[in-house]
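Note that the structure is a prediction, hence the values are computed from the model and not measured. Here, residue 1 is the first one in the sequence, and each next residue gets the next number. Note that these values count all heavy atoms, side chains included, but never hydrogens, waters or copies made by symmetry.
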Amino acid sequence: MEDVITLYPSNWLYNAGVIGFLMSLSEVEKIEVESWFKDNLVEIPRSVFTKLKVKERYFGEGKIASIIGKSELYRNYINPSRKKDKENFPFFVEKLSKVAEIGEEFCIFCSRNFALPTEIIEELLSSWDGFKDTFLPNLQKYGVAHNNLLAPSAGEFPNALWHGNRKSSFYVCPLCSFFIIHHHIPFAKNKTLNGEIFINAPSFKVMWYLNKFVEEILSKNNSYDLRKILGISFIEFAQRVHITLGAWSVMNIEMIIKKGENVDYYSLPYHISCILLQKDIASLISQTKEPVVLETVLKGDFEELLRLSHAIIRALSTGNRKDIPSELKSTKEQNLKELSKILPELYVKINSIIKSEVRSWVSMKK
């Protein structure tokens, strides 16, 4: 058995659960997780499950997830009428270190057949009467224990994750049933006027950093609209994370917006995403320190960059402050001079990216 459990991105609920679990490791156990990211996947050491502060995490005053009884999100994940479930839950979590791809069914979240070995189940049964007959079956069937707001209740109503699929036999592996109770964590950290958000992507490393940057952005100003939040997070990512994203990855970055039982999706146009994720372009936009520049790029009105540049040059040459574009935040002469140099360069680089993407698109169509 390998020393790590390798996880691959899947649907947004699963992805948010994995990212939320990793965030909780950083905050509760103070474990450094960034070295676990390998390309698009993440390798979680099996030993981690033996080090978790389970009672503090789920039963303490500052618990990271409410999982007992009438929980708002994870209803009856642990049934309060069965004391053995709560008493033995720490042992269940510890034994997740032993999961292997040996199950008869494939999980709806990770699409793999993770299961606890027979000897581990027998070990848990020795002190936990209801483990195999009650606790485990409750977690292995996708329902309100995994997400009270979005999951189907015995197949009686459509839900936001599965777009109306009414099947009630969705199998959830033991590993995913645990990760899912952390999916709320990245959402809770990123609250906007439109709801709680999570940046979903085909790479755990990309998700980790984008959601971290969104948290930083919103800590300074939570009134930004969704387009600007995504745009600024892309700029931060391009400048601070050393990774090159392929076209497929860029196209599949999306924002999940959760408000109560409603879930919406938002993404930037592909060409805008490509532009903002270029390190040199992101750096130039940041150097301007002018919100109007980012707004202009987000709108895709690139010619406006040249108009703005020409207006600044005219104001500098005439010395007439009335000629300074009113949309600029700073009107200091030195700042205007810097801006007059940056904007034409930014325009040229953006056009170069667009032409390159058009050529790639045409070649793909042939």
Side-chain angles (χ1 to χ4, degrees), residues 1-10 13-38 41-60 62-68 74 77-78 84-103 105-107 109-128 130-132 135-140 145-146 171-186 204-205 207-208:
M1 184 179 291
E2 292 187 10
D3 293 334
V4 298
I5 299 174
T6 302
L7 305 177
Y8 304 90
S10 182
L13 186 56
Y14 166 78
N15 293 343
V18 173
I19 293 297
F21 175 63
L22 296 175
M23 287 178 170
S24 73
L25 287 175
S26 294
E27 295 171 6
V28 181
E29 284 80 18
K30 310 300 180 186
I31 295 175
E32 172 59 55
V33 303
E34 293 184 2
S35 62
W36 300 352
F37 298 112
K38 312 292 181 184
L41 53 84
V42 62
E43 295 178 342
I44 298 181
R46 289 179 177 273
S47 60
V48 159
F49 296 98
T50 67
K51 300 175 182 177
L52 298 180
K53 301 174 182 177
V54 176
K55 292 182 179 180
E56 176 185 333
R57 285 172 150 265
Y58 311 109
F59 310 136
K63 56 182 175 285
I64 62 168
S66 177
I67 60 175
I68 298 177
Y74 312 113
Y77 187 92
I78 292 180
K84 286 285 186 179
D85 289 3
K86 180 179 177 180
E87 289 175 7
N88 289 282
F89 183 66
F91 301 110
F92 166 72
V93 174
E94 180 183 332
K95 296 306 179 183
L96 290 175
S97 63
K98 304 295 184 181
V99 294
E101 294 186 74
I102 55 174
E105 295 186 73
F106 287 84
C107 177
F109 289 114
C110 64
S111 301
R112 294 157 78 184
N113 60 333
F114 283 119
L116 291 169
T118 302
E119 63 270 21
I120 298 299
I121 292 177
E122 294 298 324
E123 183 181 342
L124 289 168
L125 278 172
S126 65
S127 60
W128 191 352
F131 175 72
K132 189 176 180 180
F135 179 79
L136 200 56
N138 180 52
L139 298 191
Q140 289 182 331
H146 304 96
Y171 172 75
V172 183
C173 73
L175 199 58
C176 288
S177 72
F178 177 67
F179 286 143
I180 288 301
I181 62 173
H182 304 85
H183 91 271
H184 65 283
I185 294 175
F204 280 122
K205 184 174 184 178
M207 285 186 274
W208 173 264

- One should read off an interatomic distance between Glu101 CD and Arg112 CZ, to the nearest 0.5 angstrom, of 4.0 Å

- Check the angle between the aromatic planes of Tyr77 and His146 and answer parallel, tilted or perpendicular using the 30° and 60° thresholds. perpendicular

- Message: Please report whether the ring centroid of Phe135 lies less than 6.0 Å from that of Phe92.
- Response: yes

- Intermediate values then yes/no, side-chain contact (heavy atoms from CB on, under 4.5 Å), His183 and Tyr74: CA-CA 11 Å; His183 91 271; Tyr74 312 113; 3.0 Å; yes

- Task: Report yes if the side chains of Cys110 and Leu7 come closer than 4.5 Å at any heavy-atom pair, otherwise no.
- Result: no

- Message: If I take atom CG from residue Leu139 and atom CD1 from residue Ile67, how far apart are they, to the nearest 0.5 angstrom?
- Response: 9.0 Å

- Message: I'd like to check Leu175 versus Phe109 (side-chain heavy atoms, cut-off strictly below 4.5 Å). Are they in contact?
- Response: no

- Check the angle between the aromatic planes of Trp128 and Phe131 and answer parallel, tilted or perpendicular using the 30° and 60° thresholds. tilted

- Note on the structure: When rounded to the nearest 0.5 Å, the distance separating CD of Glu43 from CH2 of Trp36 is 11.0 Å

- Query: Can you check whether Phe59 reaches Ile78 side chain to side chain, under 4.5 Å on heavy atoms?
  - Reply: yes

- Evaluation steps, side-chain contact (heavy atoms from CB on, under 4.5 Å), between Trp208 and Met23: CA-CA 9 Å; Trp208 173 264; Met23 287 178 170; 3.8 Å; yes

- Message: To the nearest 0.5 Å, what is the distance between CG on Leu116 and CD1 on Ile102?
- Response: 8.0 Å

- Task: List the steps and the verdict of side-chain contact (heavy atoms from CB on, under 4.5 Å) for Leu25 and Leu22.
- Result: CA-CA 5 Å; Leu25 287 175; Leu22 296 175; 4.2 Å; yes

- Measure the acute angle between the ring planes of Phe179 and Phe49, then classify it against the limits of 30° and 60° as parallel, tilted or perpendicular. tilted

- Message: Could you tell me if the side chain of Pro174 sits less than 4.5 Å from the side chain of Leu96, heavy atoms only?
- Response: yes

- Message: Could you measure the distance from the CG atom of Asn15 to the CZ atom of Phe204? Nearest 0.5 Å is fine.
- Response: 5.0 Å

- Does the side chain of Leu52 reach to within under 4.5 Å of the side chain of Phe21, using non-hydrogen atoms? yes

- Item | Donor-acceptor contact present, side-chain Ser177 to main-chain Gln140, <3.5 Å | no

- From Ile68 CD1 over to Asp85 CG, what is the distance, rounded to the nearest 0.5 angstrom? 10.0 Å

- Query: Are any of the side-chain heavy atoms of Arg46 and Val99 separated by less than 4.5 Å?
  - Reply: yes

- Query: Between Glu87 and Pro90, which heavy-atom pair has the shortest distance, and what is it?
  - Reply: O-CD, 3.5 Å

- Checking Asn113 side chain against Phe106 main chain: does a donor-acceptor pair fall under 3.5 Å? no

- Task: Take atom CZ of Phe91 as the centre, draw a 6.0 Å sphere, and report whether it contains more than 12 heavy atoms from other residues, nucleotides or ligands.
- Result: no

- Message: Looking at Phe178, is its backbone amide N or carbonyl O close enough to the side chain of His182 to form a donor-acceptor pair, meaning the two atoms are under 3.5 Å apart?
- Response: yes

- Message: For Ser97 versus Thr50, what's the shortest heavy-atom pair and its separation?
- Response: OG-CG2, 4.0 Å

- Task: Report yes if the side chains of Cys176 and Phe114 come closer than 4.5 Å at any heavy-atom pair, otherwise no.
- Result: no

- With distance as the sole test, does Arg57 use its side chain to make a donor-acceptor pair with the main-chain N or O of Ala65 at under 3.5 Å? no

For residues 117-126, please give each side-chain donor-acceptor pair under 3.5 Å, one per line with the distance, not counting sequence neighbours.
unit_1 : atom_1 : unit_2 : atom_2 : d
Glu123 : OE2    : Lys95  : NZ     : 3.0
Ser126 : OG     : Glu123 : O      : 2.5

